[in-house]
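Data block below; observations after.
In this chain, numbering begins with 1 at the start of the sequence shown.
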Amino acid sequence: MSRESIGNQLKAERKHHRMTQNDVANKLKTGRPRISQIENGRYQGSLQLLERYLTLMGLELTATPINHRPKFDELGAIYDDD
């Protein structure tokens with residue numbers, strides 16, 4: 001998941017909860033520009049702040065494997081008719 005998609009999801013949740021960026025910033029004890037950076041996919045600060053924002057919105061950060069594209073030598077197995 002990209003920073004942009006995380007930010008978009010957080011922004012949508014914030015709006016669903018009828019909160020402003022200032023509301024979130026006050027609850028997380030940070031500045032509104034940080035919240036804007038997170039929501040726009042430009043945040044490069046601490047993971048702790050991002051996790052706190054996710055938790056506030058009822059979300060969690062998870063890691064998933066990136067889609068694996070087969071290498072050339074693996075393509076032959078696709079056509080095996082065992």
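Proximity of I6 to L61: side-chain heavy atoms (C-beta onward) are separated by under 4.5 Å at one or more points.
L10 CG to S5 OG: the interatomic distance, rounded to the nearest 0.5 Å, is 10.0 Å. To the nearest 0.5 Å, atom CD1 of residue I38 and atom OG1 of residue T30 are 7.0 Å apart.
Residues G31 and A25 approach most closely at C-CB, 3.7 Å, considering heavy atoms.
In this view, N40 and S36 satisfy the side-chain hydrogen bond (donor to acceptor under 3.5 Å, both in side chains) rule, not counting sequence neighbours. For the salt bridge (Lys or Arg N to Asp or Glu O under 4.0 Å) test, no residue two or more places apart in sequence or in another chain qualifies with E13. With sequence neighbours excluded, the residues satisfying side-chain hydrogen bond (donor to acceptor under 3.5 Å, both in side chains) with R32 are Q21. Residues forming a side chain to side chain contact (heavy atoms under 4.5 Å, CB included) with T20 (at least two apart in sequence, or on another chain): N22, D23. Listed by chain and residue number, nothing satisfies the side-chain hydrogen bond (donor to acceptor under 3.5 Å, both in side chains) test with T64 (two or more places apart in sequence, or in another chain).
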Trace of the side chain to side chain contact (heavy atoms under 4.5 Å, CB included) decision for L56 with K27: CA-CA 9 Å; L56 180 66; K27 286 187 179 288; 3.9 Å; yes
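Using a 4.0 Å cut-off between charged side-chain N and carboxylate O, R14 and E39 make a salt bridge.
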Could you list the donor-acceptor pairs under 3.5 angstrom formed between side-chain atoms of residues 43-51 and any protein atom two or more places apart in sequence or on another chain?
{"unit_1": "Y43", "atom_1": "OH", "unit_2": "S46", "atom_2": "N", "d": "2.8"}
{"unit_1": "Y43", "atom_1": "OH", "unit_2": "S46", "atom_2": "O", "d": "2.9"}
{"unit_1": "S46", "atom_1": "OG", "unit_2": "L49", "atom_2": "N", "d": "3.2"}

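Screening R52, M19, H16 for a side-chain contact (heavy atoms from CB on, under 4.5 Å) with M57, the sole residue that qualifies is M19.
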